[in-house]
Number of protein chains: 2
Amino acid sequence: MTVDRLAHILRGHGLKLTSQRRAVLKVIAGSHGHLTPAAIYELVRKEYPTIGLVTVYRMLEVLAELDLVCRVHGETTCRSYMMRRPSGHHHHIVCSSCGKVVDFARCALDELQHRLSRETGFKIQGHLLEFSGLCQGCLGETAAEDHR
Amino acid sequence: MTVDRLAHILRGHGLKLTSQRRAVLKVIAGSHGHLTPAAIYELVRKEYPTIGLVTVYRMLEVLAELDLVCRVHGETTCRSYMMRRPSGHHHHIVCSSCGKVVDFARCALDELQHRLSRETGFKIQGHLLEFSGLCQGCLGETAAEDHR
DNA sequence: ACCTAGTTGAAAATCATTTTCAATTAGTTT
DNA sequence: AAACTAATTGAAAATGATTTTCAACTAGGT
């Protein structure tokens with residue numbers, strides 16, 4: 001999703017396009033991993049040094065509201081965001097070393113969900129699925145270290 | 001898992017059994033839902049009014065260390081705990097109304113995991129799976145409200 | 001070139017969690 | 001049973017993240 005496309009969506013919801021917002025969009029859309037509000041703030045500051053951390057928080061709120069961003073849960077951080085790339089239902093594989101995130105859509109949980117619903121009596125409305133591990137890049141580094 | 005059993009495990013790790021710890025264990029082991037540190041604190045205070053919130057935090061740290069407690073992620077809270085009931089690999093179904101949690105073990109993700117590993121190059125090490133919805137009790141209440 | 005509602009940033013307020021430290025206590029040793 | 005010691009406790013302070021408040025500013029319509 002390009003910054004322009006995102007900008008267009010914001011405008012469509014009656015939101016103003018400030019340069020601060022553009023800068024935040026650029027950082028989030030350009031990242032391949034999940035970012036905490038503080039990390040986004042630091043990155044945005046390189047391009048827009050006077051931006052306030054509050055603005056980042058507010059922007060994340062807006063993006064979450066419009067479902068353009070999704071939260072990544074991790075071992076420690078649970079308030080880490082990334083652009084929602086495929087629209088609709090999807091999940092993540094997170095690299096525990098570099099934070100890189102890859103999405104996947106087909107999760108084949110329908111059958112499990114039905115079984116659980118039957119067995120527990122819950123009316124199941126949603127689910128959260130995240131895999132964690134090491135991406136190819138980080139695997140390579142670990143292997144390289146082992147040779148030293 | 002009974003409080004006595006838990007107490008025994010703690011002792012086995014050279015930890016002292018204080019009445020504060022017993023009180024915290026009793027609350028967590030006696031709950032059928034997930035609890036935030038603050039919620040545990042409030043419940044424990046009924047039985048042990050002079051306990052400090054710090055002690056609750058420390059106890060959670062100890063229990064997490066020993067893998068006796070597990071974290072429940074929710075829409076909002078990500079630092080909510082509950083006793084780990086079945087030992088080993090398992091997941092949760094969380095009621096978004098009352099917070100009740102039911103565990104399940106067989107999650108049938110092996111095949112998905114292999115496929116994802118093959119497709120993305122990740123070495124997958126773990127996963128987080130949580131279903132959310134309404135438990136039978138809360139479903140009943142919603143239905144009852146609809147009749148008024 | 002206005003006008004106005006939405007937006008911004010600084011500072012303060014709030015809230016959760018961790019650290020520090022002196023006093024207390026469980027469980028062992030004598 | 002008294003003494004001992006390392007672990008534990010609670011209050012207070014420190015830290016860190018997030019939210020609120022508010023006056024100044026600005027994007028985008030008129």
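Ring-plane geometry between Phe104(A) and His91(A) is classed as tilted, the angle between the planes lying from 30 to 60 degrees on a 0 to 90 degree scale.
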Assign a letter to each nucleotide of nucleotides 17-24 of chain C from its 5' end: B, base within under 4.0 Å of a protein heavy atom; S, sugar-phosphate only; -, no contact.
SBBB----
Side-chain donor-acceptor pairs under 3.5 Å in residues 38-54 of chain A, sequence neighbours left out?
residue, atom, partner, partner atom, Å
Glu47(A), OE1, Lys26(A), NZ, 3.3
Glu47(A), OE2, Lys26(A), NZ, 3.3
Tyr48(A), OH, Gln20(A), NE2, 3.4

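Rounded to whole angstrom, the span from the CG atom of Leu63(A) across to the P atom of dT7(C) amounts to 12 Å. To the nearest angstrom, C1' of dA26(C) lies 13 Å from CG of Leu10(B). Nucleotide dT8(D) holds its P atom 12 Å from the CD atom of Glu65(B), rounded to whole Å. One can place CZ of Arg71(A) at 13 Å from C1' of dA17(D), the figure rounded to the nearest angstrom. Tyr48(B) has its OH atom 10 Å from the C1' atom of dT25(C), to the nearest Å. Atom pair Tyr41(B):OH and dA16(C):P shows a separation of 12 Å (rounding to whole Å applied).
Placement of Tyr81(A) and Leu68(A) within a single hydrophobic cluster is found when ILVMFWY residues are connected by side-chain heavy-atom separations under 4.5 Å, directly or transitively. Two different hydrophobic clusters hold Val102(B) and Val72(B) under the rule that ILVMFWY side chains link at heavy-atom gaps under 4.5 Å.
Of the residues in residues 11-24 of chain A, those lying under 4.0 Å from DNA chain D by heavy-atom distance are Arg11(A), Lys16(A), Leu17(A).
Within 6.0 Å of atom CD in Glu111(B), 12 or fewer heavy atoms from other residues, nucleotides or ligands are found, so the atom counts as exposed in its surroundings.
Leu25(A) places a side-chain heavy atom less than 4.5 Å from the side chain of Met59(A).
When heavy atoms are screened at a 4.0 angstrom cut-off, Thr50(A) is found touching the sugar-phosphate backbone but no base atom.
At a threshold of 4.0 Å, the pair Glu119(A)-Arg115(A) counts as salt-bridged, since one of the basic side-chain nitrogens sits closer than that to a carboxylate oxygen. One finds a salt bridge joining Asp4(B) and Arg22(B) here, because a Lys/Arg side-chain nitrogen approaches an Asp/Glu carboxylate oxygen to under 4.0 Å.
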